[in-house]
Amino acid sequence: MRLGILVLAVGASLLAGTGIAAAADPAVLGGGSGIVMDGRNYCTLTTIGPDSGGRLVGFTAGHCGNAGSTVASEADPDAGVVGTIAYTDADLDYAVIVFEPAKVVPVNRVGNTTITGIGGPAQFPDIVCKQGRTTGHTCGVAYGDVFGSGQTWTQTCVDLGDSGGPVVVGTTLVGMVNGYLTVACLGPEVGTSMTAVVGDADARGGAGAGFRPI
């Protein structure tokens, strides 16, 4: 239960002069990219890569959308719908997105954040950084799992739309942004450990199981 946490919930073809529709370029997406669910909910992609079933998948915060929600790139809207949420988990507050490979160029670096692997969770006094579509790249100290709830608290600036943003130690993905306490960018950020997320996806099977970052 996340008591006291303020949750961060929050394409057409181009026609050439000859009348022939020109295909839009694929969207470039990686951990920290802005994504839009159902054309209205703005959040941040946690990470992207293949799963054991050969699908191109990604993760974001579960409150960003529901199973079946469409996913588009905020930066590349002309690419249209590039994926769909396969399922969400309310307890850990994460969602698995299945992308259309022909419409996406997956990358491991967005802004100042590079992801090369998954580890963690972060512990005090680790310095963590996050990449979000609203507040960009910010860093601060990790407090760890303060109340034994399975969530990690950090002193990083987050605001609406940063939900799902990757939290890293160096280039290791250790968590995702799920909410903040009291005041944006002043109160602590609260997030889910990525080892918990991928462990749950593995146990569930299907889309997202066996995930590894690109």
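Only heavy atoms go into these numbers, but all of them, side chains included; no hydrogens, no water, no symmetry mates. All values reported here derive from a predicted model rather than from experimental measurement.
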Checklist entry - With no hydrogens and no angle check, is any side-chain donor or acceptor of D202 less than 3.5 Å from a backbone partner on G205? => result no
Item to check | D126 side chain to Q123 backbone, donor-acceptor under 3.5 Å | outcome: yes
Checklist entry - Would I48 and V57 satisfy side-chain contact (heavy atoms from CB on, under 4.5 Å), going step by step from the backbone distance to the final call? => result CA-CA 6 Å; I48 192 170; V57 302; over 6 Å; no
Checklist entry - Within the distance-only criterion (no hydrogens, no angle test), does the side chain of T138 pair as donor or acceptor with the backbone N or O of C157 below 3.5 angstrom? => result yes
Item to check | T84 vs V71, side-chain contact (heavy atoms from CB on, under 4.5 Å): CA-CA, chis, key distance, verdict | outcome: CA-CA 5 Å; T84 305; V71 180; 5.8 Å; no
Item to check | OG-CZ distance between S52 and F211, expressed to the nearest 0.5 angstrom | outcome: 11.5 Å
Checklist entry - Going hydrophobic residue to hydrophobic residue with side-chain gaps under 4.5 angstrom, can you get from V183 over to V158? => result no
Checklist entry - Between the main-chain N or O of F59 and the side-chain N or O of T46, is there a donor-acceptor pair closer than 3.5 Å? => result yes
Next on the checklist: So does S193 get a backbone contact from the side chain of T152, meaning a donor-acceptor N/O pair under 3.5 Å?
Outcome noted: no
Checklist entry - Of T134, D162, T60, L160, which is the lone residue that meets side-chain contact (heavy atoms from CB on, under 4.5 Å) with C43? => result T60
Next on the checklist: Within the 3.5 Å criterion, strictly below it, is a donor on Y94 or N178 matched to an acceptor on the partner's side chain?
Outcome noted: no
Next on the checklist: Show the nearest heavy-atom pair for residues G62 and T88, with the distance to one decimal.
Outcome noted: O-CG2, 3.9 Å
Checklist entry - How long is the gap from CD1 on I97 to CZ on R55, to the nearest 0.5 Å? => result 14.5 Å
Checklist entry - Strictly by modelled atom types, are K130 and T156 linked by a side-chain donor-acceptor pair under 3.5 Å? => result no
Item to check | Min side-chain heavy-atom separation Y143-Q155 under 4.5 Å | outcome: yes
Checklist entry - Do M176 and V96 share a hydrophobic cluster, counting only Ile, Leu, Val, Met, Phe, Trp and Tyr and linking them when any side-chain heavy atoms are less than 4.5 Å apart? => result yes
Checklist entry - Can any side-chain N or O of S33 pair as donor or acceptor with the backbone N or O of G30 at less than 3.5 Å? => result yes
Checklist entry - What about V107 and L29, same hydrophobic cluster or not, with Ile/Leu/Val/Met/Phe/Trp/Tyr joined at side-chain heavy-atom distances under 4.5 Å? => result no
Checklist entry - Got a donor-acceptor contact below 3.5 angstrom from the N66 side chain to the S69 backbone? => result no
Item to check | Nearest heavy atoms of A207 and A86, plus distance in Å | outcome: CB-CB, 4.0 Å
Checklist entry - Thinking salt bridges, do E74 and R133 make one under a 4.0 Å N-O criterion? => result yes
Checklist outcome for this item: The reported gap from CD1 in I115 to OG1 in T47 (rounded to nearest 0.5 angstrom) is 4.5 Å
Checklist entry - Hey, are D89 and R204 close enough for a salt bridge, meaning a charged N less than 4.0 Å from a carboxylate O? => result yes
Item to check | N41 side-chain N/O to V36 backbone N/O, donor-acceptor pair under 3.5 Å | outcome: no
Checklist entry - Hey, any chance V168 and M194 share a hydrophobic cluster, counting ILVMFWY side chains that come within less than 4.5 Å of each other, even indirectly? => result yes
Item to check | Closest non-hydrogen atom pair between P26 and A102, with its separation | outcome: CB-O, 3.9 Å
Item to check | Over all atoms of both residues, closest heavy-atom pair of L56 and P101 | outcome: CD2-CA, 4.2 Å
Item to check | Atom pair CD/CG of Q131 and L45 - distance to nearest 0.5 Å | outcome: 11.5 Å
Item to check | Any side-chain donor near an acceptor of the partner, D93 and T192, under 3.5 Å | outcome: no
Checklist entry - Is the closest side-chain heavy-atom distance between P121 and V174 below 4.5 Å? => result no
Checklist entry - Under a 4.5 Å side-chain heavy-atom rule over Ile, Leu, Val, Met, Phe, Trp and Tyr, are I214 and V82 clustered together? => result yes
Checklist outcome for this item: In this structure, CG of D159 is separated from SG of C185 (nearest 0.5 Å) by 5.5 Å
Next on the checklist: Apply side-chain contact (heavy atoms from CB on, under 4.5 Å) to residues V141 and T154 and explain how you reach the verdict.
Outcome noted: CA-CA 6 Å; V141 66; T154 73; over 6 Å; no
Checklist entry - Where is the tightest heavy-atom contact between S73 and D76, given as atom of each residue plus distance? => result OG-N, 3.0 Å
Checklist outcome for this item: Here the pair of heavy atoms bringing P166 nearest to T44 is CD-CG2, 4.2 Å
Checklist entry - Does D38 reach the main-chain N or O of R40 with its side chain, forming a donor-acceptor pair under 3.5 Å? => result no
Checklist entry - Within a strict 4.5 Å, meaning less than it, do heavy atoms of the V177 and V167 side chains meet? => result yes
Next on the checklist: Tell me whether T116 contacts the main-chain N or O of T171 through its side chain, where contact means a donor paired with an acceptor under 3.5 Å.
Outcome noted: yes
